[in-house]
Amino acid sequence: MKYLYQEDFQDFPLTEFPYDKDHSALGEYHTFVIPGYSGNFYDPISLHQWRSKDGSWLITSDGKKKYLEQNRADEVTGAFLNVYSTLVLKEAIYAPYQIECELSLFSLENYGGITFLYQTSRNLYALLFKEGEILLVKRYDEEFITLKKVTYAVKALTNYQVKIIVDLAEVSVFLNDTFLLKTKIMFRVGKVGFMSKVCARYSYLNIALTETNFAKHLEQKEVENQRLKAKQNKYSPLKLIHKINLGDFGSGRQLRIARYQNEVYFLLAQHQKRVMRDSFARLSSLTCFKLDGQVMWQKGLACNDASHTLISCDLPFQVTDFNNDGKLEVIYSMDFKIYVVDLLTGQVIKEGFPPVIYKDELVKNEPFYYLNLDGLRVADFEGLGYQGDLVVKDRYQNVWALNNDLEILWRYHHKNTGHFPYVGDFNNDGLDEILIGYDYVDSKGQIIWSAPYNSDHTDEIIFCELEPSGSPYFILASGNEGMNILDVNGQVYKHNEIGHAQRISVADYDSKRYGYEIIATAFWGSPGITRSYDYQANIIAEKEFMTNGNLVAPLLYDGINSLCLLNASLEGGIMDSDLDIVVKFPADGHPDLCSEVFDIDGDGIDEIICWDQKEMWIYKAEKYTLPQTKYKRYPENAFSNYRGEFLIKVEDKENGKN
């Protein structure tokens, strides 16, 4: 036998395995590396229910050697009952292997053990120990299938030497060198890891292969590497085309971009948190600058400290022609006032107060007299012929429609509002309707239909067709309610349990397939999971990425191929419908905290904007062909960190997709 891994944790420091100590939502759209030594492992689980609690995994010692311990117990409730603390080897194994492990359970109240043939934290096999039994299970999403169950007097604080032989057609398990169970199973390429719902201690983990299988593993791994390289060779590499020094006004992913009078303008916002984490942030500075870095104007006082720049919500500002005068304005809210200012000068055109919420029975736990805006966007509810009305909201409870004079037209209060309602003239009556979370609301504020979901909230919404000349659908990433597709009458077309559905996009990611493809990600409980679907929402591919900040933003990369930006890190990149990274970012020291897709120069080819609190770098395909067609996308006057993205050929609706 040859050992692929021999892990005894002796090179780990005596501390917690690296994790986001704030258990924050920043990783929904920021890409950051959690500091600390992680060896050959990664932790695929992040959960807001663990705030104020320690990490899931801890390196300890008895004075003679070091151990890995599950340090979480079973701290999950509600929709996350099936979340296990998990620690997984970073690389897959391509040939049959043998697992050797020693474990000891500190409690028998729930299951602890080993996972293998692992694809994602919701798609795996596991050997699990509990009081009175040992199970071999297969998990897919919320379904656990017991393949084999053995009655066994499992004891706490007892060391068990486990051997799992994973062969081509079966799995055999030995306990303390004694045969325990065997079951048929089909081998698949996957990973190995620890998986537990109880505090437990792991002494070592060894992965051994026969000489033949070790050679086969290396051979198949190289085959996979060559397959990816062949794909990558089909695409032009990225080229750095511009850099901007952000001075003291750099920020997290709070960016707006506008093309106006043959110039490109960027706006970056900073914040200060009030009262409770991200719930009531104030917009503390807003800076408008050009591609050459020239600052046009600035509101507030800039400070690019992390406390002013990293937040997991939208800040209230948009760029739009709010007055229908052919010019662009910036609408923003700062310190309980709403301002409309000229894009080029920052000169105030209009200002007013947001709705009063003091003693409002429909507003719970808001600490202010006036509404502290959680987000805003424009609409046309009055038949103006342009989007001169304003949509404002609080965090999850209420939405108000305001007219151009910032007077209240109507108010919504029913189900959870989600982060960013979707505005559009869905019934072609010349007036905008709005999908607020799970509710379809007309231009007068009346609820027309309500989707059959009541828990959690909708993070992102898309409204577009999924096949040429087809009817458009609402596509929702609705957290614990999953990824859902509804028709214009609110009927559920498809439901998919991806986990806590977070982000979605639609594009022609595979020109050889009929219709458009959907790519979706999960976050809480399983933040690395990404799936691609065909136009009927059948799964094409599924992967678990080790990075956070997975945007899945569509881009017309080279004038021919629609690809999907995962993130701008070296471990991320740009992927296709198989979720293969086909374009990598160069190792040139570029910022990768935030990224965005935008056609900056208006030639039809998308640029990728990468930035952090200090710099902004802009990339583009080194070689490209100018597109001969136009595409429709999410409106430029409605930026949000919680909007689904789409890239659809305009003529496809009439002529069909080739």
Side-chain angles (χ1 to χ4, degrees), residues 16 18-32 34-35 45-56 72 75-80 83 250-255 268-286 300 303-317 332-336 354 357 363-376 392-399 416-420 437 455-460 477 479-480 500 502-503 522-525 527 548-549 593-594 612-613 640-642:
E16 294 174 307
Y19 70 103
D20 178 3
K21 294 185 183 297
D22 295 324
H23 302 288
S24 72
L26 289 175
E28 290 175 342
Y29 45 82
H30 294 97
T31 303
F32 57 92
I34 298 170
I45 310 297
S46 178
L47 191 57
H48 55 79
Q49 292 182 354
W50 296 341
R51 285 174 185 156
S52 80
K53 302 179 185 298
D54 292 329
S56 297
R72 174 72 58 203
E75 294 285 345
V76 291
T77 60
F80 300 102
V83 171
S251 189
R253 203 170 186 272
Q254 301 292 343
L255 175 71
L268 274 173
Q270 297 176 347
H271 72 278
Q272 288 178 298
K273 297 176 177 66
R274 280 175 166 155
V275 183
M276 187 179 71
R277 293 195 304 270
D278 298 353
S279 294
F280 307 111
R282 68 175 290 261
L283 196 153
S284 60
S285 79
L286 184 61
C303 173
N304 60 6
D305 181 83
S307 65
H308 289 244
T309 58
L310 296 180
I311 193 168
S312 59
C313 65
D314 280 336
L315 295 177
F317 67 113
Y332 70 94
S333 180
M334 181 181 289
D335 290 337
F336 310 110
I357 58 172
V363 178
K364 305 298 182 184
N365 303 317
E366 296 272 344
F368 308 118
Y369 184 88
Y370 286 105
L371 173 68
N372 185 83
L373 272 65
D374 181 64
L376 65 83
V392 299
K393 64 184 290 292
D394 61 13
R395 200 163 176 85
Y396 306 136
Q397 301 175 79
N398 300 275
V399 171
N416 192 304
T417 65
H419 281 283
F420 195 63
S455 73
D456 210 341
H457 59 256
T458 294
D459 282 298
E460 297 194 344
N480 300 334
H500 179 96
Q502 184 67 42
R503 304 193 69 94
F523 192 69
W524 294 122
N548 49 35
L593 176 70
C594 309
D612 58 16
Q613 295 96 332
S640 171
N641 287 312
Y642 301 92

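Only this structure's heavy atoms are used, side chains among them; waters, hydrogens and symmetry mates stay out. The structure presented is a predicted model; accordingly, all values stated were derived computationally and were not measured.
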Judged by atom type as modelled, is there a donor-acceptor pair below 3.5 Å linking the side chain of [X] to the main-chain atoms of [Y]?
| X | Y | result |
| --- | --- | --- |
| N641 | D314 | no |
| D278 | K273 | no |
| Q254 | C313 | yes |
| D459 | R503 | no |
| S56 | R72 | no |
| W50 | H23 | no |
| Y642 | H419 | no |

Exercise. Do H48 and F80 have ring centroids that are under 6.0 Å from one another?
Worked result: yes

Exercise. Looking at L593 and L310, what are the two nearest heavy atoms and their distance?
Worked result: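 Closest approach of L593 to L310: CD2-CD2, 3.8 Å.
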
Problem set entry | Non-hydrogen atoms of V399 and K393 that approach each other most closely |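 Heavy atoms only, the tightest pair is CG2-CB, 3.9 Å.
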
Problem set entry | Between E28 and S312, a side-chain donor and acceptor under 3.5 Å |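 No, no side-chain donor-acceptor pair sits under 3.5 Å.
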
Exercise. Are D335 and R282 within salt-bridge range, i.e. N to O under 4.0 Å?
Worked result: yes

